[in-house]
Amino acid sequence: MAEKSDGPATHTASGTSASSVALGFAAQSERTAAEAEHYLREQTRLALLQMEEMRAEEPYKLSHFRLRRFSDWAKAAFEFSAGLLALALAAGLSYLVWNAANSNDLVIDVFQVPPELAARGLSGPVIAAKLSDRIAAI
């Protein structure tokens, strides 16, 4: 015995679209056919409005994508240059430490002498030179 369905043709497990449901109900009566026609016209108008809006937004989206790409490149360049700067600073500091550790130089500054020594001709630079000569002799 054939069964009568209450609505449109039986739906598949995958589902149906709203327009196919509306067309299925439209076959039942004139009133539902008019409502289905009105629904489909509204859906068509909505789809056209959405497409128009998407076309209007497209240049702004492209501009935004270009700006984002430029921003990403600028950020990468900045990070690369900051890395180079940090590497240069570390290399300079390493050089200074190595140079100080391997230095064999001795610096003797000129110092003050009492007035009695200065009267005998032994000023600060003369005494510093004599001290440097004695240390070199050792």
| message | Suppose the criterion is salt bridge (Lys or Arg N to Asp or Glu O under 4.0 Å): which pairs have a residue in residues 126-138, not counting sequence neighbours? | response | none
| field | side chain to side chain contact (heavy atoms under 4.5 Å, CB included) involving P114 - partner list, sequence neighbours excluded | value | E116, L117
| Is the backbone N or O of A77 less than 3.5 Å from a side-chain atom of S81, with the two atoms forming a donor-acceptor pair by type? | yes
| message | Please give the remaining members of the hydrophobic cluster of L84, linking ILVMFWY side chains under 4.5 Å, ordered by chain and number. | response | F80
| task | Only pairs at least two apart or in different chains count here, so list each side-chain hydrogen bond (donor to acceptor under 3.5 Å, both in side chains) that has a residue in residues 40-53. | result | E37-R41, E42-R45
| What's in the same ILVMFWY side-chain cluster as L48, cut-off under 4.5 Å, chained through other members? | M51
| said: Could you work out, with side chain to side chain contact (heavy atoms under 4.5 Å, CB included) as the rule, every residue matching A128, not counting sequence neighbours? | reply: I108, F111
| said: Using a 4.5 Å cut-off between side-chain heavy atoms of Ile, Leu, Val, Met, Phe, Trp and Tyr, which other residues end up in the same hydrophobic cluster as L46? | reply: none
| With sequence neighbours left out, which residue pairs that include part of residues 60-84 fulfil the salt bridge (Lys or Arg N to Asp or Glu O under 4.0 Å) condition? | E57-K61
| note | Heavy atoms of L122 and I127 approach each other most closely as O-CD1, 3.8 Å
Identify each donor-acceptor pair in which a side-chain atom of residues 91-102 lies under 3.5 Å from a protein atom, sequence neighbours left out, and give them as a table.
from : atom 1 : to  : atom 2 : distance (Å)
S94  : OG     : A90 : O      : 2.8
N102 : ND2    : W98 : O      : 3.3

